[in-house]
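What follows is one structure encoded as structure tokens, with my remarks underneath.
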Amino acid sequence: MAKENKKEQTQNLPACVCEFINHIIRKMRYCRKVQKDVRAELIAHFEDELKDYPTDRDKEEKAKQLISEFGDIKLLAVLLRRAKKRCRPIWRTIVARSFQTVGVLILCFIFYVIWFLTGKPAITTNYVAELNNLVRPAADESMNAAPLYKKATQSLKELSDDFLVFFSQNYHDEEYTRELERIAKMHAQMFLNESSFKQMLLNKDSSDVQRLRQTVHKEAVSAALSRFSDKKYNELTPEQKIIALRWLQEHNDTFDLVVEGSRRPYCWHNYGEKTSMSSILMPYLSEYRQLYFAMLWRIGFGAEQGRFEDAFEDIKALYRFGKQNKGDKTIVEQLVGIAIEARAVATAMDIIREYKIDSKTLADFQRDFEKVIADENFKFSFKVERMRICDEIQRCFTSDRIGKGHLYLPRFREISDIYDDYYPYPNRGGIEFFFYDLVYSSPFLFTHPNKEQTMASANELFELWEYMSPKTAAQLNTEREAIEEKINNIAEKNHFIGAIAPLVDRIIIIANREHTEVEATLAIVALTRYKQDKEQYPDDLDELVTSGYLKNLPMDYFSDKPLVYKKTGDDFLLYSFGPNYIDNGGKPGYDRKGEFRLWFDKNADAIFWPVPEPQQ
Amino acid sequence: MKFESQLLKGIAPVVVLEILSRGPMYGYELSQSIEQQSGDILSLGKGTLYPLLYNLEAKKLIKGKWETNQSSRKRRYYSITGKGKDELARQKEQLKELTTGLNLVFGGALATA
């Protein structure tokens with residue numbers, strides 16, 4: 001229709017004029033209404049110019065002359081457009097400019113997103129390799145306890161047929177039956193078709209079925225035993241104690257390996273290569289758990305059988321085992337080390353409390369134990385933790401290509417699975433990534449401090465850790481508000497750091513608890529010896545030191561004073577100020593079930609002696 | 001004699017306003033009128049005419065309106081606005097002063113030529 005209109009308008013004009021006008025209008029590149037107006041006006045102009053020329057030839061010639069007088073088409077089109085633009089009303093100019101601005105902003109945003117998304121982190125430092133160097137002392141492999149522990153954990157899994165029969169006869173509980181069913185089912189699924197498996201089982205005397213039964217049984221026992229060995233000695237029933245004793249006897253060599261390993265000066269592992277710090281696996285820790293419980297069983301049996309020297313030897317071995325996991329290691333390893341040490345001293349206190357042990361055995365234990373702890377650093381090391389955070393920064397922030405220094409979304413989403421509350425938006429994945437992650441999480445990601453700023457925040461935090469690490473719990477408590485404020489400031493400024501940084505204050509308190517427990521254990525041994533020798537407890541702890549039973553006054557790191565000692569008739573009370581840092585007069589703490597818990601109750605003291613009775 | 005284009009460019013708007021002050025005209029008519037009334041001395045280039053008209057329209061000195069002429073053809077007639085008249089008066093005043101100045105410089109030679 002529009003084409004026909006144009007044709008109609010220009011039918012009396014020579015072709016060169018039509019072409020000329022069309023060319024100008026095309027070059028004008030403006031809105032149709034204006035183009036139509038200008039076209040009509042130019043057509044009218046040419047009509048008027050050519051109206052007096054009778055023949056087409058004359059018209060054609062005149063038209064060519066006129067066209068040349070009009071000058072350069074492009075320039076004319078530009079001048080026309082510019083002049084017409086000036087004619088439009090102000091509101092249209094505002095609207096046009098607004099749209100242009102929005103368009104430019106959208107374009108900028110798109111470029112920014114492209115810039116943002118094309119950035120990739122550059123892994124410049126292999127922190128795992130650095131960690132392997134850090135934990136590796138300048139000593140040969142014969143100084144390393146880890147291979148012995150590995151050998152010990154491997155031998156724990158080897159069970160004689162004799163023991164399997166004994167275990168299955170004595171351990172018929174739900175756990176075992178469930179394991180048996182699960183493993184049988186798993187074996188059934190391994191056959192191509194279930195019916196042939198059932199058919200095979202019908203033939204009870206076949207050697208295949210016999211072999212299968214043995215396999216299933218062995219695996220079930222092994223799995224059940226693995227759970228069984230997670231039980232603490234004092235949780236074992238008399239029947240279970242029989243099984244445990246038999247199992248211990250069968251693995252005497254295993255425990256000798258642990259004792260031998262604990263005498264070695266170091267324990268180091270290779271954390272692997274080409275992995276990030278956050279993906280370091282420490283499978284040996286779960287195996288250590290089994291060794292640790294088994295050692296506690298052995299200590300328990302030794303004490304029950306009156307072999308106190310053996311029991312104390314194992315306690316010292318267990319403590320050394322824990323100590324080897326401390327130092328410049330990962331936080332998890334250090335915490336495991338602390339837990340093992342704490343359990344060792346708690347077991348020593350239990351034995352002293354429960355049995356009458358002669359003064360010489362106690363003195364020997366005290367002397368040896370003092371040697372074990374003489375060179376021990378009870379402070380937490382954050383070297384490896386610093387490396388972990390630095391490694392995470394290099395992996396979570398872009399470093400090369402176009403987008404530099406911003407949070408790297410894929411890695412950020414990946415580690416959000418590692419650290420629970422790390423990423424404020426759940427990982428949807430797939431196509432939803434664009435609609436969900438980009439739309440909802442972009443404002444957070446795009447506004448997050450960059451790599452350099454994050455590194456500065458991390459350094460600020462590391463400095464604070466250095467400051468906090470040597471402090472006692474009591475010292476930390478006096479500065480708690482100031483420290484918390486500093487930590488909160490860093491976390492508020494930088495969500496990334498706030499989310500991945502460990503709760504250092506709590507970790508330091510755990511280390512202080514264990515240190516206080518060690519001091520209390522030595523004090524209890526010394527007090528017990530004093531009582532045996534002098535038939536009464538000393539009036540105060542100073543007397544214990546002056547009479548040579550204890551080298552130093554036992555410190556309470558929750559008060560920065562000696563532990564509180566009170567003579568109570570024929571017994572005594574020994575406690576720390578505990579989690580609230582104040583003397584509650586020896587008030588014991590209980591959990592919700594009414595069970596006594598050493599550090600649980602924030603309104604109570606940590607009572608080491610005597611063990612309070614459970615609440616009614 | 002034709003004017004140098006740069007010189008004409010400066011006075012073209014006032015010439016257009018002056019012609020339109022005598023009555024509405026469409027593009028072709030206006031260009032013809034300028035040539036006739038200036039004795040063929042002043043002539044607006046064809047490529048200059050329409051951009052000039054649109055610019056004057058944008059400044060609200062003239063306004064254009066589609067109308068049918070005597071030969072029943074639709075033409076866009078331009079007429080001077082009130083603002084255009086004021087501007088014309090101002091420009092004329094300036095031209096008058098310019099002529100006086102030039103006459104003084106050329107010793108009256110411009111007036112007698």
Side-chain angles (χ1 to χ4, degrees), chain A residues 5 8-13 16-17 20-21 23-25 27-28 30-31 33-53 62-90 92-93, chain B residues 2-6 8-9 12-13 16-17 19-20 24-36 40 42-81 83-84 87:
Chain A
N5 248 352
E8 204 178 302
Q9 282 176 330
T10 56
Q11 62 186 352
N12 298 322
L13 295 172
C16 62
V17 173
F20 173 72
I21 294 173
H23 205 156
I24 290 174
I25 300 302
K27 290 271 177 197
M28 250 186 90
Y30 204 54
C31 70
K33 192 172 171 282
V34 174
Q35 280 184 336
K36 204 177 151 191
D37 253 18
V38 175
R39 170 190 288 280
E41 205 163 3
L42 288 175
I43 288 170
H45 184 92
F46 276 96
E47 275 175 1
D48 292 333
E49 290 272 14
L50 301 173
K51 67 175 187 271
D52 299 329
Y53 295 85
K62 178 66 184 170
K64 280 180 184 164
Q65 186 202 331
L66 285 170
I67 287 169
S68 69
E69 282 173 16
F70 264 95
D72 181 46
I73 293 178
K74 213 171 161 186
L75 180 65
L76 179 60
V78 170
L79 291 174
L80 288 170
R81 185 176 71 232
R82 217 177 271 170
K84 276 292 181 191
K85 261 187 172 176
R86 287 178 191 138
C87 289
R88 69 186 176 193
I90 187 82
R92 281 197 61 185
T93 307
Chain B
K2 297 281 178 189
F3 263 98
E4 288 288 332
S5 62
Q6 287 303 315
L8 184 60
K9 210 173 173 180
V16 170
L17 289 175
I19 301 292
L20 290 179
M25 281 179 202
Y26 52 90
Y28 171 74
E29 204 179 1
L30 183 71
S31 73
Q32 293 296 107
S33 179
I34 291 171
E35 280 177 22
Q36 281 168 16
D40 278 341
L42 300 177
S43 171
L44 279 179
K46 301 285 183 290
T48 324
L49 176 67
Y50 289 99
L52 175 63
L53 287 172
Y54 299 156
N55 275 325
L56 292 174
E57 196 179 8
K59 288 176 187 166
K60 307 233 183 308
L61 300 178
I62 60 171
K63 61 178 179 193
K65 197 179 173 189
W66 283 100
E67 278 175 27
T68 310
N69 65 5
Q70 291 158 346
S71 50
S72 304
R73 281 179 171 159
K74 280 186 90 178
R75 293 289 179 264
R76 195 154 198 256
Y77 280 85
Y78 293 94
S79 55
I80 191 161
T81 61
K83 193 180 171 191
E87 179 64 15

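Nothing here was measured: the structure is a model prediction, and the numbers come from that model. Letters go in sequence order (proteins before strands), and every chain restarts at 1.
Considering every non-hydrogen atom in both A/Ala63 and A/Val17, the closest pair reads CB-CG2, 3.4 Å. Across all non-hydrogen atoms, the minimal contact from B/Leu20 to B/Ile80 is O-CG2, 3.9 Å. B/Gly84 approaches B/Leu17 most closely through the heavy-atom pair O-CD1, 4.1 Å. Between A/Ala83 and B/Ala58, the shortest heavy-atom contact is O-CB, 4.2 Å.
Distance CD1/A/Ile21 to CZ/A/Phe70: 8.0 Å, rounded to 0.5 Å. For the atom pair CD1 of B/Ile62 and CG of B/Leu56, the computed distance is 4.5 Å after rounding to the nearest 0.5 Å.
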Quick one: donor-acceptor pairs between chain B and chain A, under 3.5 Å, side chains and backbone, table format.
unit_1: B/Tyr50; atom_1: OH; unit_2: A/His45; atom_2: ND1; d: 2.7
unit_1: B/Tyr54; atom_1: OH; unit_2: A/Glu41; atom_2: OE1; d: 2.8
unit_1: B/Asn55; atom_1: OD1; unit_2: A/Arg86; atom_2: NH1; d: 2.6
unit_1: B/Trp66; atom_1: NE1; unit_2: A/Asp37; atom_2: OD1; d: 3.2
unit_1: B/Arg75; atom_1: NE; unit_2: A/Asp48; atom_2: OD1; d: 3.4
unit_1: B/Arg75; atom_1: NE; unit_2: A/Asp48; atom_2: OD2; d: 2.9
unit_1: B/Arg75; atom_1: NH2; unit_2: A/Glu47; atom_2: OE1; d: 3.2
unit_1: B/Arg75; atom_1: NH2; unit_2: A/Asp48; atom_2: OD1; d: 2.9
unit_1: B/Tyr78; atom_1: OH; unit_2: A/Glu41; atom_2: OE1; d: 3.2
unit_1: B/Tyr78; atom_1: OH; unit_2: A/Glu41; atom_2: OE2; d: 2.4

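Per-residue heavy-atom pair counts under 4.5 Å with chain B were compared for A/Leu42, A/Ile24, A/Val38, and the maximum is reached by A/Val38.
Using a 4.5 Å cut-off between heavy atoms, B/Leu52 makes no contact with chain A at all.
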* Could you go step by step and tell me if B/Leu30 and B/Leu44 meet the side chain to side chain contact (heavy atoms under 4.5 Å, CB included) rule? -> CA-CA 10 Å; B/Leu30 183 71; B/Leu44 279 179; 5.6 Å; no

